[in-house]
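Data first, discussion second: the structure below is written as structure tokens.
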Amino acid sequence: MLQCIFLLSDSGEVLLEKQLTGHRVDRAICDWFWNQILTQGDSLKLVPVISSPTHYLFQVVREGITFLACTQIEMPPLMAIEFLCRVADVLSNYLDGLNEDLIKDNFVIVYELLDEMIDNGFPLTTEPNILREMIAPPNIVSKVLSVVTGNTSNVSNTLPGATASCVPWRKTDLKHATNEVYVDLVEEMDATINRDGNLVKCEIYGEVQVNSNLSGLPDLTLSFANPSVFNDVRFHPCVRLRPWELNQILSFVPPDGQFKLMSYRVKKLKSTPIYVKPQFTSDSGTCRISVLVGIRNDPGKSIDNITVEFRLPPCVTSSDLSPNYGSVNVLADKTCSWTIGRMPKDKAPSMSGTLVLETGMERLHVFPTFQVAFRIMGVALSGLKIDKLDLKNPLSRPHKGFRALTRGGEFQVRS
Amino acid sequence: MLTQFGATAESLSKASTMMFRIGTDAHLYDDPDDVSIAPLLDSKFESEKCEALKRLLALIAQGFDISNYFPQVVKNVATQSLEVKKLVYLYLLHYAEKRPNEALLSINYFQKDLGDPNPLVRAWALRTMAGIRLHAIASLVLVAVGKCARDPSVYVRKCAAIALPKLHDLRLEEHTAAIEEIFVEDMTMPHELITTEYMKSMIAYRLDYNLAFDNLHIFWRIYLSSSESQHIVGMLLKDNSPGVVGAAASAFASICPNNFSLIGRNYKRLCEILPDVEEWGQIVLIGILLRYAIAKHGLVRESLMLSFEDLEIQSQEKDDPESSHLTVRKPFDGASLDICTEIADIVARSYLEGPDKYLARLGHVNQDSLGFDGSCITSATSNDDVKILLQCTSPLLWSYNSAVVLAAAGVHWIMAPKEDIRKIVKPLIFLLRSSGSSKYVVLCNIQVFAKAMPSLFSPYYEDFFISSSDSYRTKTLKLEILSTIATKTSISSIFLEFQDHVRDPDRRFAADTVAAIGLCAQKLPDVSNTCLEALLYLALSESSNNAVALMGEEEILLVQVVKSIMAIIKQDPHSHERVIVHLVRSLDSMSAPAARAMVIWMLGEYCNIGVLTSKMIPTIFKYLAHRFHSESVETKLQIVNACVKVLLRAKVEDISELRLAISYVLELAKYDLNYDVRDRARVLKNFLSHCKGFNYLEEADYRTEFNDLTYVFAEYIFGGTKKVPSESFSYRFYLPGSLSQIVLHAAPGYEPLPEPCSFADDETGHSPTNVHNDHESNEIDDSDDISGSLDEENTSDYSSESVSGEGGDSYIASDSGEDEEAGTLIHLSDDAPDSGDHDRVSVKNTSSGLMDAGELMSKRALESWLNENSDSGQNSSNLSQVQRSLARISIKDIGQLVKPKSYTLLDPTNGNGLSVIYRFSSEVSKVSKELACIHVSFSNHSEEPMCNIFLAEEKPNPSPDSSEKSGSPSESVLVSHDKEATLIPMEEIDRLNPGQPADRVLQVRFEHHLLPLKLVLSCDGRKQQVKLRPDIGYFIKPLPMDIESFLKKESQLPGMFENIRRCTFSEHLNQQNDKDEPPQKDIFLMICEKLALKMLSNANLHLVSVDMPVAANLDDLSGISLRLSGEILNNSVPCLVTLTLKGTCAEPLEVSVKINCEETVFGLNLLNRIVNFLAEPPR
């Protein structure tokens, strides 16, 4: 089981430590860890399990904050990682984001949360809804109140009733003035286009996100018009698995508020909504680059938030890039990001420029991969359709809403 | 109030600078100690206390030690405000261990809070109370936990379950004091106290709980707490609320992971409740259920784990009609069936035994079949328990929690029939999309699955295509998996991907891709030509690139390309002549020395495979001779080698042409700056005049004297097409989802699967006398009969002798221990012939019965050895002599100092006059190396003769000789049915007359579980349960080695395999006072021998060396070190012990004991034991 959790800032400073068991872990382990990061470079930040001379370390990095957990004995590593992710989720939910200052400003809440979330190295309460009842998130009112009166308590006096119920993810006695439930299909398109311009892989990773504001103990069933498109699925614990196994219907008692009901994957899609065509031509120490972006299959809705990112190879010394639409930004680590925004109606965006190679190098022999991000509102590219959402024990007819959204996920174009 | 106002004003001023930080605790974090905290803590306002506590918390967060505020903080525990309470608890938990006395002040408040109507308050109080880790209140906490385990609130019950491991952990630590006391206690305790109840409790308590037995009172307390906590776990496992069951499962896993009887009772219910248990509990519970199912029912016949056996059966029963049915399944497994079963077999063995043990065994023992007889195999279709486990875990494959998915997949991997394993593939692959961190861990596990069963993943190769956002390690893992699962159909698209990656800016990754291409080409000969073409193109273009801009990064790729080409060519050199020619021609532009070296190697190796190459050779050698001076060492060596190869293979007519160039090269090499090159060249030069009269040969053999011989050697070394040695499986497999699988070594606490069918128990799990027919127990009984007769021979000769020394009193009452002494000396003479030193034997035999003489003898022997050692230095033959004499001493010393080592198995008051005493012996069992020998002495203190005394392992079905009804009461022993040791029973004693003693030898396999062994003693038809308590000092046997190999081995076991503890050794002080020996006697010697005696008489070790500092002060003992070695009985893992002394002879010595052992857990246990007996006061 976990022995200690450290929160580290992106400069390696220990923001806080929470000892979990009697086997105290010295802070020196953080120094060791940071030294390793410094000597081995950032690639170590991506290694989730590290064995140090004294402890095994698990790390999850979120927005510059490193969540570091230590153990000395055998335990499922995924359990530790998943838990750290959960901590990160809960914290960013509580603090409206994650950064060094937010954690320092709210360190008491972080401590209280950690104390509720894990006991003796074993996760105790990780359900966000219950945590919110036990420890009040900081909000403007309480902040102002604390300044004026100097007195505040964010610790609840009573145990949330849900801990005792058979649906531990839901408050027991909820009252909402407006009964409403929204279902969003949020899809991400992962695609890989190889150097020949062929679509190697194209699939959708999607989530069914539900925002439920329903009174009482509602029992919902959600059915899809075409459940056969699903390749794999994963469910929130509230989903009853039996009805799904039998006739692919989601039956559940929802938690209150926003939550991910299920995630799914749809594989082997045939085409992408947009195309990105990079081209490199080398000639005696310089290289001309041109990138074209356009719509391939019109999804019917406008495509916006388009950005194209790539990292110049190390052998490029300088670059001069100019787009005919949007703006290009080259960072110090040679990352270029071309922000296009909404796809223009009249012309196809393109970017061209020259790269100067290292002296002695005739032509470019390594080529960057382009990461493309976009957003299409109102369309689920997987073709998934929600059939209907039924409420079994309605107090009053709720307001139901459906939305769909597709984003670019790991959309990569090799050149 | 004033201070509060000040603080508020200040926070306002800060807030004005940073609007968004208004009302947060930012100022507290930034300047926690800008106001005086102490008065705030004493304030009567909750808000001020709260602020003070927050400041303290900020200081903790920043890593300051603020334990000096402890007394003031503790006072505040009485507060009514929940927030203050929470903050106080946070503080307490952080510092209580440092300030135990003050922490005790808070106990009353906890007790009070435990009665609070608010469940949250109760839960917090319990959590904190259990978390503050004070030994003094452990029993109070236990009571509290017991109470809270029956609490109406689910949350409180859950907290109670989580509090149990805290207590358990505390108890583990408590052991720092000597555990041995219990035995001392045992010998001196009045008879009335030694009841069955006592015996039971004593042995029920496991050694690894590491208890302090200061007195009976403490002992009782601890025994009760241990059984009580297991009892609570059992109760919580039966809880109605899934949340509680999950927490109870985690408590079970850390307190009593092998107490399967607790699971057995609830198995079905636990399976059914599994989907409702919260995610974290599910992870643990799945593991527990899997272990239970294996321990109870064994492996599944249809599962992958037994596919190897399956195949064997298949090959054996070729003409069996059923074999046709088996082969039907073959296409399913794919073309690579033969490979996969081989690995699957290793995987299965590793899961069951742990890879370290398995790999260790591979070294010296022939691979034998997993060795399951029919009884250890079950079937997934017919066994309900297995079926229900698989059923209940399969929906968990859809869980949101990746750890749950992996755990469930692990169960299916191990238990499901091969056809059903498919089910886990999609969920596992879906995990790859979940989060970056878990991706790596999942891939590590998939890699193992894919290796054992490539066909599982081969249809999903696209999912392993590499994304540029993956981390480097993820990329390499994916490459490896892709090359494992590539098939004829998928290789073309995989190959296209690989070609893209070769142009990736990360050259290290590109190089790995090239390696993967090489692997694929070797695996699938169909594509090897395509691969080779691509690689060759790459090599040519790369080398030209290199010529222009040389970077360290670029070299990696080129070297890897050439390496891959080489590997492909090796498979079929004759058809790839053109490739070699191409490579050789591009040699000029290749600058990476390693690549050049490899090309030259190929040139030499394949110089005569075709017309083209042999034509090229003279030109190339001219070129090489020309370039030789500017080559790197690596390349030079290969050039020299190539010279020899070419000469060996060249046709006679070409030789003259070559000769000039080659002799030029050799001449240059002879005066090279590098001595390796010079040496090699010189050897060749030396042979120049010999071989075949016209040429020079050979490189590395210095012994050759004859021309022909050199030629033969040269032929042997350079000539002949050598078979590429098949890759040996050096993979280490650990259970899927475990930490060990990721770090690739057994993390402390890692346990392989339990031995199949090791847990034989019926549903009730309570009545040990229940007659239960089991295949395996019968089989064990059969084998027992055989080995029993073997034992007979060992025991017979001394059982008669021991009569003389046997007194009429009970063993326990006798304080001098004379009769025991006699017994041990006889044991000695029994052992002596093994050592092969006959004079010694005779001396010993004459001295038997005389305790003092015997003792002197042993001293003299040790002394003589010590002198010998100091005189003769490091002579190896002497050392072996030393070892032999030493081994003899160790045996003898155990005989001498046996007094703390005799334990009562049964005392006469309880056994109707039969008294049974046992002690561990250092003998190595003749039956199996895993068995520990135990000498058991029986004596009859009653008036009546006794018949049919027999000691056997407790089994649901009684031993064959006892057809009578069992008479022992079936008490509910909580620790019953733990993993039991196997036993080779002793010979039955037909008749034991009053006052007559008898000795027998028991051979027991403890599996180094430190659980007491439950035995059934039948006497006159009556049966009695007795418990045999293992001693870890005898789970090892001496491993003779010399000091060099000791040091070498020690250096191989650094870091986490090494554990050190310190203790004080004061025995020599008494010795000095007691003995009338002249003080001139070498004090060093005396202490060394005292220490050696102590070690050898308490643990079955081999004394390797005793080192003394040369220039030490006469009085200063610092620096003396003793090295002892042993190997663990059941897996032959070596275990090295080093004692180092510090201090002077007039005062207690500080001994630091160091253990180096691959089995860290065992090592730690042994270390604790050694420290305990060393610190034990002299008797």
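Residue numbers start from 1 in every chain, and the chains themselves are labelled A, B, ... in the order their sequence lines are given, proteins ahead of strands. Fair warning: this is a prediction, and the values are worked out from it, not measured in the lab.
Salt bridge present: A:R86 and B:E279 bring a charged side-chain N and a carboxylate O closer than 4.0 Å.
Among B:G243, B:A58, B:A407, B:P165, the residue with the largest count of heavy-atom pairs under 4.5 Å with chain A is B:A58. Highest contact tally toward chain B, considering only A:V14, A:L20, A:N231, A:L7, is held by A:N231 [criterion: heavy-atom pairs under 4.5 Å]. The candidate from A:T369, A:T192, A:T126, A:L312 with the greatest count of non-hydrogen atom pairs under 4.5 Å with chain B is A:T126. Chosen from A:K18, A:E82, A:E188, the residue pairing most often with chain B at heavy-atom distances under 4.5 Å is A:E82. Per-residue counts of heavy-atom pairs under 4.5 Å with chain B were compared for A:K201, A:M1, A:Q19, A:R311; the largest is that of A:K201. Put simply, of B:C444, B:S468, B:A403, B:S438, the one with the most heavy-atom pairs under 4.5 Å next to chain A is B:S468.
Within the 4.5 angstrom heavy-atom criterion, atoms from both the backbone and the side chain of B:I60 approach chain A. Contacts between A:Q371 and chain B at a heavy-atom distance below 4.5 Å involve the side chain alone, from C-beta outward. Interface residue A:P314: only side-chain heavy atoms are found under 4.5 Å from chain B. Of the atoms belonging to A:R242, not a single heavy atom falls under 4.5 Å from chain B. Using a 4.5 Å cut-off between heavy atoms, B:I162 touches chain A through backbone and side chain atoms alike. Of the two parts of A:Y205, only the side chain, counted from C-beta on, holds a non-hydrogen atom closer than 4.5 Å to a non-hydrogen atom of chain B. At a 4.5 Å heavy-atom cutoff, the contact between A:L261 and chain B is made by backbone atoms alone. Residue A:K260 touches chain B through both its backbone and its side chain, counting heavy-atom pairs closer than 4.5 Å.
Looking at B:R157, its side chain does come within 3.5 Å of a backbone N or O of B:P152 through a donor-acceptor pair. For the pair B:D504 (side chain) and B:D506 (backbone), a donor-acceptor distance under 3.5 Å is present. The backbone N or O of A:N194 sits nowhere less than 3.5 Å from a side-chain atom of A:N198 that would complete a donor-acceptor pair.
Between A:Y56 and B:H745, the ring-plane angle classifies as tilted under the 30° and 60° cut-offs. Between A:F83 and B:W280, the ring planes lie perpendicular to each other; the angle is over 60°, past the 30° to 60° tilted range.
Heavy-atom minimum distance, A:Q412 versus B:I466: OE1-O, 4.4 Å.
Seen from the ring of A:F367, A:R195 does not count as a face-on cation partner, given the 6.0 Å and 45° thresholds.
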